[in-house]
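Here is the structure we will look at.
Bear in mind the structure is a predicted one, so any value in this text is a computation, not a measurement.
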Amino acid sequence: VIEPKYGSPIVVDDVLDGNVRINVYYPDRIEKYATDGAGQLYQYVDQYDAQGNKIWPQRWLMPDGTPIGVPVVHFRNKKRHRNTNGISEILQIIGLQNTLNRLLYSMVATMELAGFPVRTAVGFSPPAAIAPGSWVVAGEDGVTRDQVVEMGVMAQAELRPFIEQGQWIVQQIAAITKTPLIGVVANNDNLSGESLKQREIGLLSKVKKLQITFGNSWENVMWLAARLQAAFGRKNPPVVNRWYCRWRNPHVRNDTQVIQNALMIKDYLSNRQFLSLIANVYDFDESKIDKILSEKEAENAARVASLLAGTPGFDNIQIEP
């Protein structure tokens with residue numbers, strides 16, 4: 001798959017109801033193909049609406065006639081020399097997940113057999129339908145000494161081995177995907193906060209790598225979105241020379257500690273610097289910070305004016321922020 005700005009076509013196929021459908025993405029157009037009932041491939045061409053207007057294929061162009069670009073952006077994961085398309089993040093655990101799903105089905109079947117067990121009868125034929133509180137009579141005409149009459153229940157499997165096996169599978173999935181586990185599954189209820197942070201190192205490392213590789217893809221998404229807005233939107237997008245993707249810190253944030261650290265040095269900071277330190281905790285952006293500071297300054301000005309209103313010589317005072 002080639003990035004959209006380079007303009008190479010991309011072919012995406014799909015199979016639906018036994019027919020193959022193919023979309024071919026070019027920088028200046030999108031072509032659709034499909035197989036007919038006989039398996040022959042044909043192209044959707046020259047389609048018109050009820051008024052006779054040609055609706056397919058449509059041109060994929062900017063207002064000035066230049067191609068918009070291939071409308072596909074590839075998010076590559078773990079790109080390799082011989083595999084430029086990347087590697088699936090979940091491919092290695094699909095087998096384990098299927099095993100876990102099968103195990104859950106077995107657990108449900110075991111629980112149903114525990115509630116509705118298979119019973120055995122020796123020496124007589126029990127009624128087919130037995131409800132709670134019913135009586136089962138063996139030998140209504142009497143039972144001889146030599147006749148054996150027994151009624152029992154077939155042994156049921158225990159759920160504990162299933163639970164332990166399920167926990168082991170979950171731990172293997174976590175190890176392969178570098179997903180930290182806490183709680184009963186990981187048997188680490190008493191781990192300290194620092195120990196839990198150590199378990200997150202593998203996941204955080206993976207996230208940081210994806211931020212680097214996916215950042216370029218998100219830049220291409222925004223580049224293509226801006227061109228679409230310029231071509232089909234009612235308002236022109238902002239003029240941008242280049243898009244940059246900036247990620248937040250992936251580390252788990254202790255909001256209380258962030259606020260406490262900011263309060264410790266508040267006296268050495270301006271109001272804007274202090275709000276910037278706690279901005280991530282309360283999701284403050286620059287416009288929100290500007291609004292808070294403006295309202296704070298207006299309140300201070302009104303408070304000073306109120307204090308001076310009763311002072312002789314300050315009858316008509318006006319204080320600006």
Side-chain angles (χ1 to χ4, degrees), residues 73 75 178-183 189 191-321:
V73 178
F75 286 77
K178 298 181 180 179
T179 304
L181 287 177
I182 59 174
D189 290 326
L191 287 180
S192 64
E194 188 62 30
S195 298
L196 294 176
K197 287 184 178 180
Q198 292 297 321
R199 290 180 175 269
E200 299 169 354
I201 292 178
L203 179 61
L204 291 175
S205 175
K206 182 170 64 174
V207 170
K208 290 180 180 179
K209 290 180 181 178
L210 292 178
Q211 287 180 342
I212 296 174
T213 56
F214 285 0
N216 295 331
S217 298
W218 279 117
E219 291 170 5
N220 290 331
V221 168
M222 296 305 301
W223 172 84
L224 182 60
R227 293 178 66 81
L228 284 174
Q229 177 68 21
F232 302 107
R234 296 182 179 180
K235 296 182 179 180
N236 289 329
V239 178
V240 178
N241 293 327
R242 181 178 176 182
W243 295 93
Y244 292 93
C245 183
R246 297 181 179 178
W247 301 90
R248 290 187 177 181
N249 193 332
H251 288 273
V252 177
R253 185 183 64 205
N254 187 333
D255 293 344
T256 302
Q257 190 63 44
V258 171
I259 296 175
Q260 290 178 351
N261 293 339
L263 290 174
M264 290 175 61
I265 59 175
K266 182 179 180 181
D267 295 339
Y268 305 97
L269 303 175
S270 65
N271 290 335
R272 179 175 294 275
Q273 290 173 332
F274 174 74
L275 291 175
S276 297
L277 287 179
I278 64 174
N280 289 335
V281 177
Y282 297 102
D283 293 328
F284 291 164
D285 54 14
E286 287 298 325
S287 61
K288 181 65 175 179
I289 293 177
D290 292 338
K291 183 179 180 180
I292 293 175
L293 293 176
S294 177
E295 293 177 353
K296 194 70 175 179
E297 291 174 354
E299 290 177 359
N300 292 335
R303 186 180 299 108
V304 173
S306 177
L307 292 175
L308 296 178
T311 304
F314 291 91
D315 296 337
N316 297 322
I317 187 171
Q318 294 182 353
I319 300 177
E320 297 180 357

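- Not a single donor-acceptor pair under 3.5 Å links the side chain of Glu297 to the backbone N or O of Ser294.
- Here the CG atom belonging to Asp267 is positioned 10.0 Å from the CZ atom belonging to Phe274, to the nearest 0.5 angstrom.
- Looking at heavy atoms from C-beta onward, Tyr282 lies in side-chain contact with Ile259 at the 4.5 angstrom threshold.
- In summary, the aromatic rings of Phe214 and Trp247 are positioned with their centroids too far apart to meet the 6.0 Å limit.
- Taking a 6.0 Å sphere around NZ of Lys206, one finds it holds more than 12 heavy atoms contributed by other residues, nucleotides or ligands.
- Separating the CG atom in Asp290 from the CZ atom in Phe284 is a distance of 12.5 Å, to the nearest 0.5 Å.
- Separation of atoms CE (Met264) and CG (Leu269) is listed at 12.0 Å; rounding is to 0.5 Å.
- From Asn261, atom CG reaches atom CG of Leu277 across 9.0 Å, with rounding to the nearest 0.5 Å.
- Gln229 places a side-chain N or O within donor-acceptor distance of the main-chain N or O of Lys235, the cut-off being under 3.5 Å.
- For CZ of Phe232, the number of neighbouring non-hydrogen atoms (other residues, nucleotides, ligands) closer than 6.0 Å is greater than 12.
- Residues Ile278 and Ala262 share a closest heavy-atom pair of CG2-CB, 3.8 Å.
- Rounded to the nearest 0.5 angstrom, Lys208 NZ and Leu203 CG are separated by 11.0 Å.
- Separation of atoms CZ (Arg227) and CH2 (Trp223) is listed at 4.5 Å; rounding is to 0.5 Å.
- Counting only distance, with no hydrogens or angles, the side chain of Ser276 and the backbone of Arg272 share a donor-acceptor pair below 3.5 Å.
- For Glu200 against Pro180, the heavy-atom pair with the smallest separation is CG-CG, 4.0 Å.
- Residues Leu275 and Leu293 have side chains in contact (heavy-atom distance under 4.5 Å, counting atoms from C-beta outward).
- Contact detail for Cys245 and Gly215: the closest heavy-atom pair is CB-O, 3.6 Å.
- Here the side chains of Trp243 and Trp218 are not in contact, with every heavy-atom distance at 4.5 Å or above.
- In plain terms, the two heavy atoms of Pro237 and Ala226 that are nearest each other are CG-O, 3.3 Å.
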